Asks: 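Once you've had a glance at the structure underneath, I'll fire off some questions.
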2 protein chains.
Amino acid sequence: MRGVTPPALPGPPRPGTPRRAVTQEDVAREVGVSRTLVSFAFRGAPGVSNETREAIFDAAQRLGYRQNAVAADLARKRPSAVGLYLLDLRNEVYADVFHGVREAFEDAPNRLILSVSPTANSLGRAAVDSLIEARVGIVVAATLLDADADVQELAQTVPVVNVARRVHGVDSVYSDDPAGAEAAVRHLIELGHTRIAHLTGPPHEGHQGRRRSYERTMSDVGLPPRVVTAQDYTQEAAERAVVPLLAGGERPTAIFAHNDELAVGAREAAYGLGLAVPDDLSLIGYDNSRISRLHGIDLTSVDLHALELGRSAGRTALERLANPLAPAVDLKSSPRLVVRGSTAAPPEVRKDRP
Amino acid sequence: MRGVTPPALPGPPRPGTPRRAVTQEDVAREVGVSRTLVSFAFRGAPGVSNETREAIFDAAQRLGYRQNAVAADLARKRPSAVGLYLLDLRNEVYADVFHGVREAFEDAPNRLILSVSPTANSLGRAAVDSLIEARVGIVVAATLLDADADVQELAQTVPVVNVARRVHGVDSVYSDDPAGAEAAVRHLIELGHTRIAHLTGPPHEGHQGRRRSYERTMSDVGLPPRVVTAQDYTQEAAERAVVPLLAGGERPTAIFAHNDELAVGAREAAYGLGLAVPDDLSLIGYDNSRISRLHGIDLTSVDLHALELGRSAGRTALERLANPLAPAVDLKSSPRLVVRGSTAAPPEVRKDRP
DNA sequence: GTGAAAGCGCTAACAT
DNA sequence: ATGTTAGCGCTTTCAC
């Protein structure tokens with residue numbers, strides 16, 4: 001039977017046999033030059049004649065050569081990959097941050113490696129470790145829930161750019177949370193609300209700006225603060241946390257939520273109890289996400305300009321990569337209160353002047 | 001001045017000087033063993049005494065050693081990284097797919113590398129190429145907009161698992177789109193609608209199942225199909241595309257949209273024109289995303305179980321990695337129509353029986 | 001303009 | 001149980 005070519009079996013379809021990847025070696029052999037020249041050509045390094053360069057690109061094309069960025073980084077000794085850590089893919093804010101960072105790296109040669117937290121309430125350390133194992137040269141983190149000291153320690157291992165969070169001595173690109181929260185609370189106070197609750201999630205160092213500002217603003221005007229804590233930063237947890245608040249006595253006439261996610265949860269809880277927004281309950285979120293702009297949702301919200309935050313973070317990362325020893329960047333931007341239909345005067349005020 | 005220690009300058013805070021990464025070599029030297037043993041210990045390979053192993057882990061901990069997964073993969077010759085391509089981070093479906101895949105790889109040692117399309121309407125090739133340069137051993141793609149032939153060709157270079165799409169001869173994990181679309185359209189027909197439009201985005205090979213099924217179902221019952229095409233798969237584009245449809249004469253009484261994203265755009269367009277859902281316009285989406293469940297949105301939608309799709313895709317990738325030569329997987333699941341408040345009988349039927 | 005050779009951090013035979 | 005050695009694909013001196 002030797003020499004007989006077996007007939008092509010029809011059989012079930014099979015995925016293409018993964019052929020061995022084409023290397024610079026293969027390209028060099030094809031062209032008849034040394035590996036070095038192929039490497040030079042692909043990095044645009046000087047010292048390759050135009051003729052040779054073209055022959056190399058040609059052969060590479062034909063053979064389907066793709067550079068092995070991983071091996072290149074290893075050899076270069078200076079990683080070109082950028083790690084981007086995102087806390088929650090289900091929260092639009094992080095998609096915005098991603099797109100901002102991506103834009104900033106549009107023309108840069110760096111690879112962007114994403115790492116996403118398993119839950120919206122995880123410390124980032126494990127996910128960031130996977131970035132470190134992938135040997136990224138810098139980590140852009142949106143948002144680390146870890147303690148300041150842990151972030152500072154992490155920054156000893158790999159440069160970190162914090163997004164939407166400020167950590168002393170570590171690059172930080174963030175929005176003025178206290179100002180945003182104050183604007184939100186003052187808006188409610190001006191509408192005549194006195195029973196204003198704050199809906200937040202588990203406390204984490206560096207994420208207390210909105211809550212603290214709420215408490216401060218309330219006590220400044222002599223109003224008693226009332227904080228409700230959801231088990232995590234999801235709509236579902238918010239719903240669970242708000243139901244007892246609204247079902248109990250002395251229920252608030254307004255809720256200022258840590259973000260839109262939680263605000264939407266509060267909204268669902270309200271409607272579930274037969275309360276209407278804003279007639280029975282005024283609601284303010286944070287993030288000015290797309291959902292807040294929908295007809296029928298119409299949620300008053302504080303915009304922290306996540307896309308722009310991402311862009312700044314990307315640019316900051318680029319600078320840090322270029323200049324590792326420059327002083328830490330501290331970039332604070334201003335949020336903006338966007339008033340929509342979810343906030344109105346409380347029932348008692350409306351009754352007073354009908 | 002020699003020998004004089006300069007005083008510690010207060011100055012601005014600086015990010016920690018990035019120290020050289022700790023290697024197995026360093027750990028080995030610290031413990032007083034060979035590099036090999038350190039490697040063995042970390043891979044859990046047999047042939048290391050418990051005593052030595054503990055000493056190694058100890059030293060690694062002290063020194064802050066993190067394994068260089070990139071170098072390991074290179075040496076192993078068999079990449080352990082898994083690439084996950086996502087078409088659109090702003091669409092919740094892809095977040096669900098991500099979490100499904102992540103779950104499937106929970107206990108696997110593989111790194112997950114994400115790559116996201118720059119826009120919701122890009123072909124995936126560029127983003128997948130970056131995955132190839134990062135030397136992933138397999139690509140899980142949700143969802144490639146490229147032509148079947150291009151996907152098949154890509155699969156020659158690196159194994160591909162298609163999510164929510166079927167490509168002959170390439171692993172595919174998908175939902176029965178024609179069945180889902182038919183259920184949606186039949187639901188509208190049963191309510192009494194006759195002017196039912198379909199809202200979709202740019203046509204791409206392999207993404208025509210819903211549209212074709214809509215057309216087929218309509219003509220099966222002798223109704224004229226009417227397809228509106230948005231410029232891309234975003235809410236905003238949908239809004240722009242639907243306005244002329246609803247403002248013109250003979251406007252439809254129902255719209256079946258390719259997905260919730262587009263359905264929400266249609267909804268905004270309707271309300272912008274003073275039309276109410278479902279009173280003036282019935283609306284069906286696809287994906288059963290969180291937004292469709294909100295009070296006041298209450299969108300009837302077809303659920304394709306994205307999370308489960310992601311899990312299946314992850315498991316399929318695991319199997320493909322273990323058995324590169326097995327026949328291509330073709331996994332079709334059944335979607336489910338979830339009826340909510342955005343669909344009702346059309347105005348003329350309601351008038352007939354008041 | 002071109003090539004040889006060392007080495008990046010690691011794995012995996014193959015010794016001992 | 002432990003060590004030696006040869007790569008993985010690439011970059012980067014340094015020589016010709």
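Chain A is the first sequence line, chain B the second, and so forth, proteins listed ahead of strands; every chain is numbered from 1. Computed from a predicted model, the values in this text were never measured in an experiment.
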Asks: Tell me whether the guanidinium CZ or amine NZ of B/R43 lies under 6.0 angstrom from the six-membered ring centre of B/F40 and within 45° of its axis.
Replies: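 So B/R43 does make the cation-pi contact.
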Asks: With heavy atoms under 4.0 Å as the rule, sort A/Y65 into base, sugar-phosphate or nothing.
Replies: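 Sugar-phosphate, backbone atoms only, no base.
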Asks: May I have the distance from A/D26 (atom CG) to D/dC10 (atom P), rounded to whole angstrom?
Replies: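 My rounded result for the distance is 9 Å.
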Asks: Can you tell me whether the side chain of A/R35 and the base of D/dT11 have a donor-acceptor pair closer than 3.5 Å?
Replies: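 When only heavy-atom distances are counted, A/R35 does reach the base of D/dT11 through a donor-acceptor pair under 3.5 Å.
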Asks: Strictly distance-based, threshold 3.5 Å: is any side-chain N or O of B/R166 a donor or acceptor partner for the main-chain N or O of B/V173?
Replies: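 A pair under 3.5 Å: no.
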Asks: Going by distance alone, is a donor N or O of one side chain under 3.5 Å from an acceptor N or O of the other, for B/T316 and B/D171?
Replies: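 Side-chain D/A pair, B/T316 to B/D171: absent.
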Asks: Out of D/dT12, D/dT5, C/dG9, which has the shortest distance to the side chain of A/R43?
Replies: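 Of D/dT12, D/dT5, C/dG9, D/dT12 is nearest to the side chain of A/R43.
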Asks: Does B/T52 put a side-chain nitrogen or oxygen below 4.0 Å from OP1 or OP2 of D/dT2?
Replies: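 Looking at the OP1 and OP2 atoms of D/dT2, one of them is under 4.0 Å from a side-chain N or O of B/T52.
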Asks: Atom CG of A/N50 to atom P of C/dG1: distance rounded to whole Å?
Replies: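 From A/N50 CG to C/dG1 P: 9 Å.
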Asks: Can you identify which nucleotide, out of D/dG3, D/dT11, C/dT11, has its nearest atom closest to the B/V33 side chain?
Replies: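 The closest nucleotide is D/dG3.
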Asks: Between C1' on D/dC8 and CD on A/Q24, what's the gap in Å once rounded to a whole number?
Replies: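 A/Q24 atom CD is separated from D/dC8 atom C1' by 13 Å.
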Asks: Can you tell me if A/S49 uses its side chain to pair, donor with acceptor, with the backbone of A/T52 under 3.5 Å?
Replies: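 Judged by distance alone, yes, a pair lies under 3.5 Å.
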Asks: Mark yes or no for whether A/E133, through its side chain, and B/A69, through its backbone, hold a donor-acceptor pair below 3.5 Å.
Replies: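 Such a contact is absent between A/E133 side chain and B/A69 backbone.
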Asks: Ignoring hydrogens and geometry, is there a side-chain-to-backbone donor-acceptor pair from B/N68 to B/A71 under 3.5 Å?
Replies: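 Indeed, once roles are kept as given, a pair shorter than 3.5 Å links the two residues.
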Asks: Rounded to the nearest Å, what distance is computed from the CG atom of residue B/L37 to the P atom of nucleotide C/dA15?
Replies: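 The distance from CG of B/L37 to P of C/dA15 comes to 18 Å, rounded to the nearest Å.
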Asks: Let me know the distance between CD of B/E133 and P of D/dT11, rounded to the nearest Å.
Replies: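 Rounded to whole Å, this separation is 11 Å.
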Asks: OP1 or OP2 of C/dG3 sitting under 4.0 Å from any side-chain N/O of A/S34?
Replies: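 Yes, such a contact exists.
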Asks: If you write DNA chain C from 5' to 3' in dot-bracket form, with Watson-Crick or G-U pairs under 3.5 Å, [ ] for crossing pairs and | for pairs with another strand, what do you get?
Replies: ||||||||||||||||
Asks: What is the separation between atom CD on B/E54 and atom C1' on D/dA1, rounded to the nearest whole Å?
Replies: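 Those two atoms, CD and C1', are 16 Å apart.
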Asks: Any idea which of C/dA5, D/dG9, D/dT11 is nearest the A/S39 side chain?
Replies: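 Closest nucleotide among those given: D/dT11.
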Asks: May I ask you to say whether B/D73 pairs ionically with B/R135, meaning some side-chain N is under 4.0 Å from a carboxylate O?
Replies: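 No salt bridge links B/D73 with B/R135.
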Asks: Can you tell me which nucleotide in C/dC10, D/dT11, C/dG3 comes closest to the side chain of B/T23?
Replies: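 Within the option list, the nearest is C/dC10.
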Asks: In whole Å, I'd like the distance from the CZ atom of A/F42 to the P atom of D/dC10.
Replies: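 Answer to the nearest Å: 9 Å.
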Asks: Whole-Å distance between D/dG9 P and B/N68 CG?
Replies: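 For the pair B/N68 CG and D/dG9 P, the rounded distance is 16 Å.
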Asks: Check each residue of residues 74-82 of chain A for a non-hydrogen atom within less than 4.0 Å of any atom in DNA chain C, then write out the ones that pass by number, or none.
Replies: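 Residues of residues 74-82 of chain A that come under 4.0 Å of DNA chain C are, in numerical order, A/L74, A/A75, A/K77.
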Asks: Using a 4.0 Å heavy-atom cut-off across all strands, classify B/S49 as base, sugar-phosphate, or nothing.
Replies: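 Sugar-phosphate contact only.
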Asks: Do A/Y85 and A/T143 make a side-chain contact, defined as non-hydrogen atoms from C-beta onward lying under 4.5 Å apart?
Replies: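 When only atoms from C-beta onward are counted, A/T143 and A/Y85 do not touch, as no gap falls below 4.5 Å.
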Asks: Looking at A/V167, is its backbone amide N or carbonyl O close enough to the side chain of A/S172 to form a donor-acceptor pair, meaning the two atoms are under 3.5 Å apart?
Replies: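 Here the side-chain-to-backbone pair exists.
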Asks: Select one nucleotide: of C/dG9, C/dT2, C/dT11, the one nearest the side-chain heavy atoms of B/A71.
Replies: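 For the B/A71 side chain, the nearest candidate turns out to be C/dG9.
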Asks: Not counting sequence neighbours, list each pair that qualifies as a ring pair (Phe, Tyr, Trp, His ring centres under 6.0 Å) and has a residue in residues 42-75 of chain A.
Replies: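 Output for this query lists A/F42-A/F57, A/F42-A/Y65.
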Asks: Would you kindly compare B/R53 and A/V22 by the position of their nearest DNA chain D nucleotide and give the one closer to the 5′ end?
Replies: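 Result: B/R53.
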